[in-house]
2 protein chains.
Amino acid sequence: MGTTECPIGKAFSALKGLAHSKPSRREARRDAIMTAATQLFVEKGYGATSLNDVVRLSGGSLSTLYDMFGSKAGLFRAIVTQRCEMMTGTFEDPDIYSRPIAEALSDLGMRCMSVLTSDNTVAVMRSVSSEALQFPELAQVFYEAGPLRGRARVAGYLEEQARRGILTLDSAEEAAMDFCQLIIRDAQMNAMMGLPYPKTPDAIQRHVNRAVGCFLRAYGTAVQTQAAPALPGLLPRMATGR
Amino acid sequence: MGTTECPIGKAFSALKGLAHSKPSRREARRDAIMTAATQLFVEKGYGATSLNDVVRLSGGSLSTLYDMFGSKAGLFRAIVTQRCEMMTGTFEDPDIYSRPIAEALSDLGMRCMSVLTSDNTVAVMRSVSSEALQFPELAQVFYEAGPLRGRARVAGYLEEQARRGILTLDSAEEAAMDFCQLIIRDAQMNAMMGLPYPKTPDAIQRHVNRAVGCFLRAYGTAVQTQAAPALPGLLPRMATGR
DNA sequence: CCCTTAGTGTAATGGTGATTACACTTAAGG
DNA sequence: CCTTAAGTGTAATCACCATTACACTAAGGG
């Protein structure tokens, strides 16, 4: 069809991912290659995957791959940055500010865990750290897309709660880090190394609630509380500022 | 050359069961190869290091290398397990039980950080996670030598303090994990990825104190005021509003 | 001095895999 | 239908590297 012929538009839509209606052959090829390559990199690792493997799985031809990505490294970079972008945005929940803090934190915590232990993220982390020596730039890309952004979101929330007198903090960033660490714990590292970590929604929820309890004991504005903060029972207490 | 008595080398060979006095040429060769290989694996990664590189650096010959380690993978395994063993034992300090808790925890925390951010450990972690797909057994070796042992040590200490009524915990293991995470934070991950993390003793000390404070707020047995802080920077935050 | 054993050097062998070259086939606009 | 450009398949090219083979040297005990 006589849809846009402009090559610039094409390049643009390639970058943006969506834009025009035309899957434009090239798009399709590109996607197929990236999908296949991602799968293989995840399964066997970057080093152990040959481009012939990729092509065999994606269909199409080696020549096209080179035409599109320039080199194996280029393909790798494209995939990692693409998947980093995917990680972003899972933290959005405009609703948290209107909910009781324990509930909101639990929600943030669950999102945090779900992002961090998703196959995609684990794969990215493994790739990035594995190839950190060959592709140092990617660590930066990952850092900005993941930890930095996620933590900023948490910090923003914590700061607001501090303003309301519900939390007591000297630095929202520091507290946000603590929060994230308490949530994540060793799940991140274990996932990367193929060691076990909590996987069922149930186990995760239980773990998150525990972590939230711990965090609130450390940062909740002091009322002399130590009584077991089973999550639901934790809510009422917040009414009295200090 | 240098066949003069090296007590350390001797102790090493004693470990292996061959208690005989000879540093035996072979020992020396073995050490030289492992040292060289370690350096290269750390610098360039396992995949990017060729055995010829190793031999070029260590002196000696490829044949001997094969005679001793059987294959590249064998050499890798030998190195990783050796360095895992090195990680163990840095946590020993029989003295902690007699000191104020904040001080003891700070000490544990410092040890923890120093083990975790040592070049050696970072290298091991990077190697293990990089090659997790090819050598899944190594993850286990690492886990038992590192996190498991370290945490057990911390848990033991915490348990005792709970018995004394200084801490309140439902599970010493859980609390120990929380402690370790608060200490380590993202230093571990960042180190692996080549991103920045606190390096100067001063920065580390400051960070550890902060983390210990946080931990004690969460797990210290509740009294109106936090148990006497023996460390500067550990002062209770209750007083300081913002 | 001879023999054995461990260690050395060098040069195959064999395989793998990134990258390129090239001749061929589509797709589709004009 | 013809032309052009993109996409395809296959087979080179070129390196690199683990692994092995082999002929050689050093050391030390007898």
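Chain identifiers are assigned alphabetically (A, B, ...) following the order of the sequence lines, protein sequences preceding nucleic acid strands; residue numbering begins at 1 within each chain.
Ring geometry for B:Y97 versus B:Y157: interplanar angle of 30 to 60°, hence tilted.
Rounded to an integer number of Å, the gap from B:K72 NZ to C:dT16 P is 16 Å. For the pair A:Y46 OH and C:dT16 P, the computed distance is 19 Å after rounding to whole Å. Atom CG of B:L65 and atom C1' of D:dT19 are 11 Å apart (whole Å). Between A:R56 atom CZ and C:dT16 atom P there is a gap of 11 Å when expressed in whole angstrom units. In this structure, the CG atom of A:D53 is 16 Å from the C1' atom of C:dT19, given to the nearest Å. Atom CG of A:N52 and atom P of C:dG15 are 17 Å apart (whole Å).
By the 6.0 Å and 45° rule, A:K72 does not stack over the aromatic ring of A:F76.
Counting non-hydrogen atoms of neighbouring residues, nucleotides and ligands closer than 6.0 angstrom, the CG atom of A:D95 exceeds 12 such neighbours.
Of the possible polar contacts, one joining the B:T121 side chain to the B:V115 backbone as a donor-acceptor pair under 3.5 Å is found.
Considering A:Q181, A:R151, A:Q188 in turn, A:R151 is the only one that fulfils the side chain to side chain donor-acceptor pair (under 3.5 Å) rule with B:D186. A side-chain contact (heavy atoms from CB on, under 4.5 Å) with A:F142 is found for exactly one of A:S127, A:S129, A:C84, namely A:C84.
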Protein-nucleotides 8-10 of chain C N/O pairs under 3.5 Å:
from: C:dT8; atom 1: OP2; to: B:T64; atom 2: OG1; distance (Å): 2.8
from: C:dG9; atom 1: OP2; to: B:G60; atom 2: O; distance (Å): 3.3
from: C:dG9; atom 1: O6; to: B:S63; atom 2: OG; distance (Å): 2.8

